[in-house]
Amino acid sequence: MTLLAVLQRRVGGPGRRMPPVTVIAATLILLAGLACVVVPGHLAPHPPDAVAPEAALLPPGWGHPLGTDELGRDLLSRVIHGSRLSLLVGAAATLLALLGGAAIGLVAGLFGGLVDAVLMRVVDVMLAFPALLLALGAISVLGSSPTRLAIAVGVSNVATFARLIRGDVLRVRGLAYVTAATVSGVRPAGLLLRYVVPNVCGPALALAVLGFGVAMLESSSLSFLGFGPQPPVADWGMLAAAGRDNLADAWWLSTFPGVAVAVTVLAATIIGKAVQDRRGVQ
Amino acid sequence: MSWARSGDRSGIRSTMVRRRLLSAVTVLIGVVTVAFAVVHLIPGDPVQTMLGTGGAFVDPAQEAALRHELRLDRSLPDQYFAFLASAARGDFGTSFQTGEPVTRLIAEAAPASLSLAGAALLLGALIGTAIAVLSRLTDSRVLGSVLAVLPVLAMSLPAYWVAAVLLQFFSFRLGLVPALGGTGIRGLILPALTMSLPTAGVVAQVLASGLRAAEHESYVLMARAKGATRARVVWRHMLRNTALPAITLTGTTVGSLLGAAVVTETIFGRPGLGRLIITSLNAHDYPVIQGVAAVLGATMILISLLVDLLFTYLDPRVVSTAVWR
Amino acid sequence: MSPEPLLRIRGLTVSYPGAERAILTGVDLDAPAGATVAVLGPSGAGKSTLVVAIAGLLPAGARVGGEMWFDGVALHRLDEGARRRLRGRHIATIPQDPAVALNPVLPIGVQVAEALLIHGMAGRQQAARRALELLRSAGLPDPETVAARYPHNLSGGMRQRALVACALAAEPRLVLADEPTSAVDAVSQAGVLDDLASVTTGTGRTLILVTHDIGLAIERADWGVVLDQGRTVESGPIRRLAAAAQHPVTRALVAAAPHSRTARLRPRTDPAPSGTAREPAETGQLLRLERVSVVYRPTGRRFEPVRAVVEVDAHVRRGETLGVVGESGAGKSTLAALALRLVPPTAGRVLFDDADLAGLRGSALRAFRRRAQLVFQDAYAALNPQMTAGTAIAEPLRALRLANRAERAIRVREAADLVGLPASTLDRRPRELSGGECQRVVLARALVLRPDLLICDEPASALDAAMQAQVLQLLVDVQAELDLGYLFISHDLAAVRQVADRVLVLRHGRVVEQGVAADVLERPAHAYTRALVEATPGHRTAPKLPVHHVPTGGM
């Protein structure tokens, strides 16, 4: 069981919905993140690589809202520019996991029998490794680059998506309206496209949003451990790692990139939960 | 279907156990196979990569010895079965870095990781339960909203960030606990706290939604109709019903916990399986990677097996629902 | 001059902020000490809310108005603490569904003793001893064993008795019972009510019995209070209330009571209601089951084979209804699945128009799908939430490629008209439709193919009495118009009486008795059928009541 599997869980009953204020705030945060991805240059006060030795290790203040690093580079600008890598890797990884998981989950759930048994054993094996470790392994097999990082993180989450989507397919397949459609003479392809897929889409969408947060956490952890893309490209995980050496005297260096990750993940999770609320996912 | 009830319960239970064991063994073989495949999936010749000299002179004798050690001089099926056989004996070869047997390296690193994971699990369960129960007992809207978001927040914080913040505050500012490499209980506090947060989030969320669902259960209404106080209803009736699934789910998050240990052990400079796998990945120390991967995978399978079996024995309903559904 | 009643309610209102309308809008009720008062009304009238309000268990945020006096104490002025001390001690509640009203992880004995411990009326050991006495007096013969068991080990009837014991532990003066037998099978129902009566009447206890079944109320209660849309519309001595009902809602309740539904419904469209009786023998058998058995193999969750249906012989002719009755788990739904080729028989043959269903493939199978259709028990669940009513009704035509887009639209409208579904509902999704409308959509979807055989799996059991009457009438009308054969499955004997020509009684998958409906239900030959018939509420007293005709027009 992975974090994602737990996140998407809702144990029956009318749930306490995510407070509306938090949903609005989360939407704004993700929009701001999107803006940083699209036009970082317009938002950042300084170029991310502008070295200024005289302004090294300045604490957060007027000129540098988040302070500067040991080379005098503006941390806010570096965080804004780092968003592109962090968010895109997270999104790409999620998309990969969703597509792979949906393919496996649909095939296993629809065909059942031996196909299901074999696919689910493979999924079990993948789930037996902690996702972070699986991604670490994949990275060392693939080598490191933003694309490969996304692939590694995506692959490490395919099993969870597959398991959960298969569960949804089985649930929907057992519902009365699918029996009704069979009695109406609907053929297997029609059952899949008109009955199963539309009703599995809602939960899968919520799952993808939640999965984005998990992918962000995982990819930034890998970057932090030094398995991410190599410098000079710096994502949030790398920025946080770079600040490690100055933990004692420049707290802001590793704190703020971490805050960026945490806030994004939190926003994604809140929105994912809100999507579940709206679509009445169980 | 009343005659279906006549079924021998212990017989049903043993069938369940047998099936569960069978699937666990299948998955275990899969896990060991994946560990075996690691060496073969790495692009290029593993021996060249390991000797890592980038095309410079390589001692042929050393290379041949390595090939033999990795059994790369044999046919693939031969290699595979030999690996399975030695893995079954707990033998994963010796480390390239230190020359020590992999099994001993793992045995040395495991206790630190296990005590860390154990402490984190305990702490997380306590924090999570407290949040969930509080969110059920409070009448305040504001506190209720905060408690609804708190578990989600706990699961959203990157471990490296939590560790950094804790270190800055407790070690550098207050000087309460050693920053790095601390031993004993004092050294365990911050890493365990770091790792406990996701678990706390999981427990809080599962327990809270379980309690929330229980609120609308008829048996809760019945308890209230008997005149039970709010606290009695929550503790005696709701929590008991919700605890079991929460325990199961918590047990199955141990995997994420072991993943988080990689980050936590690195940043706190603690010895452990996480550190071991990072150093061996960086050094391309394949036997160690294989060994740790196999052991971690096997541990997760064992834990989920134990949790499932425990559930079968703890919940009076499991067997009967198995019959009725 | 009658003495002050134990419970007096005046102008009780309950509403929730943000809700469209109030749940209770003005309830008056007097419950004299020692009497049994039946609270009657159609579903949605506010009966359960009334019980919850008397007990003081309304959810936080509910707005309550009006007055409630209990033994001279103004309940409406008490704070939560004081209400709590009354609950279980003086005012006890028996909830609706015994399957979920007991805590699944606590032994029965602990749950029975709980009220005594809460109110400090006994020590732990004393309470445990008292629990055994309570279980025995609630009609459980072996209290020592039962007390140590968990709820899932008990049958529905035993659970309901355990709940009675829980409620009566502290010897309360007022007992609120909310449809106490609605979830218990017909046979145990009467026994549970007998036991409930024996621990309430004659002990000076006041019982408020909520039910939608006026027959049951006549049998058990002294007074009746009829609710409709959150208001008291009529009240008085129960027999007078039933015999001389003033309000239309009361009259509808009387008409819907099982004991007044004894005759087969006649189609409203039939020009000559008598004299044109069909000759069933003339038409061939549409559906025939020949010594059919079904054994479900063990699956991941179920570890023993289940013999759902055992050597059943049955047939349905065109234009006739075969009613299938039996308790839940008797194999009724498997029979439906067999008839629709959703489940293969393990042994025996299922024939449709003399063709073995097992051999149907391709176009022959699709031809069968066109001619045999299913009407579901839970109509809402049988509709794809993503499809509008119109799309759902058109779905069989589309799937079987029987009509082009324009023809489909016409046939959907025809089918909708046939079942009385307004055109405005066709572009709505299931969650925007009422229960009765959903049932009509499902029926229209089945009829749009102009089938010959309709399998009705408890088609009205999820609806309230008035709605149920409408759907049954509709089925009878449609049958006459289209000359359909019905396989009508129900546990509701009254419903079967109203629509079936012949009846088949199933028990544990075997046919117990089979024959002409009137014969089987009036003069049951088998002891089991007799038990089923006798367990129908109102059967024992069978009071002579004027039969009112319920308007069964459109909704």
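Within every chain, numbering begins at 1; the chains are lettered A, B, ... in the order of the sequence lines, protein sequences first and strands thereafter.
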Interchain contact, [X] with chain B, by part (heavy-atom threshold 4.5 Å):
X        : answer
C/Arg84  : both
C/Val51  : neither
C/Ala101 : both
C/Leu102 : backbone
C/Leu86  : neither

- Message: To the nearest 0.5 Å, what is the distance between OG1 on B/Thr242 and CZ on B/Arg212?
- Response: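 One finds 11.0 Å between OG1 of B/Thr242 and CZ of B/Arg212.
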
- Task: Enter the distance from B/Ile127:CD1 to B/Thr199:OG1 here, rounded to the nearest 0.5 Å.
- Result: 9.5 Å

Looking at [options], which has the largest count of heavy-atom pairs under 4.5 Å with chain B?
options                     : answer
C/Arg83, C/Arg87, C/Arg89   : C/Arg87
C/Asn103, C/Val52, C/Leu176 : C/Asn103
C/Leu57, C/Leu106, C/Thr93  : C/Leu57

- Set of residues satisfying salt bridge (Lys or Arg N to Asp or Glu O under 4.0 Å) with respect to B/Arg20, sequence neighbours excluded: B/Asp308

- Only counting residues at least two apart or in another chain, list the ones meeting salt bridge (Lys or Arg N to Asp or Glu O under 4.0 Å) with C/Arg173. C/Asp71

- Test ring pair (Phe, Tyr, Trp, His ring centres under 6.0 Å) applied to B/Tyr80 - qualifying residues, sequence neighbours left out: B/Phe36

- Query: Is there a donor-acceptor contact under 3.5 Å linking the side chains of C/His119 and C/Glu114?
  - Reply: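 No.
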
- Message: Main chain of C/Leu135, side chain of C/Arg161: is a donor-acceptor contact present, judged purely on distance under 3.5 Å?
- Response: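 Pair absent, no side-chain N/O of C/Arg161 close to backbone of C/Leu135.
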
- Task: Kindly say whether C/Val295 contributes a backbone atom to a donor-acceptor pair with the side chain of C/Thr346 at under 3.5 angstrom?
- Result: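 Here the side-chain-to-backbone pair exists.
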
- Answer yes when C/Glu133 and C/Arg130 have at least one side-chain N-carboxylate O distance shorter than 4.0 Å, and no when they do not.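 Between C/Arg130 and C/Glu133 there is a salt bridge, with a charged N closer than 4.0 Å to a carboxylate O.
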
- Identify the residues of residues 224-235 of chain B whose heavy atoms come closer than 4.5 Å to a heavy atom of chain C, ordered by number, or report 'none'. B/Arg224, B/Ala225, B/Lys226, B/Gly227, B/Ala228, B/Thr229, B/Arg232

- Query: Do B/Leu207 and B/Arg136 come close enough that some side-chain heavy atom pair is under 4.5 Å?
  - Reply: no

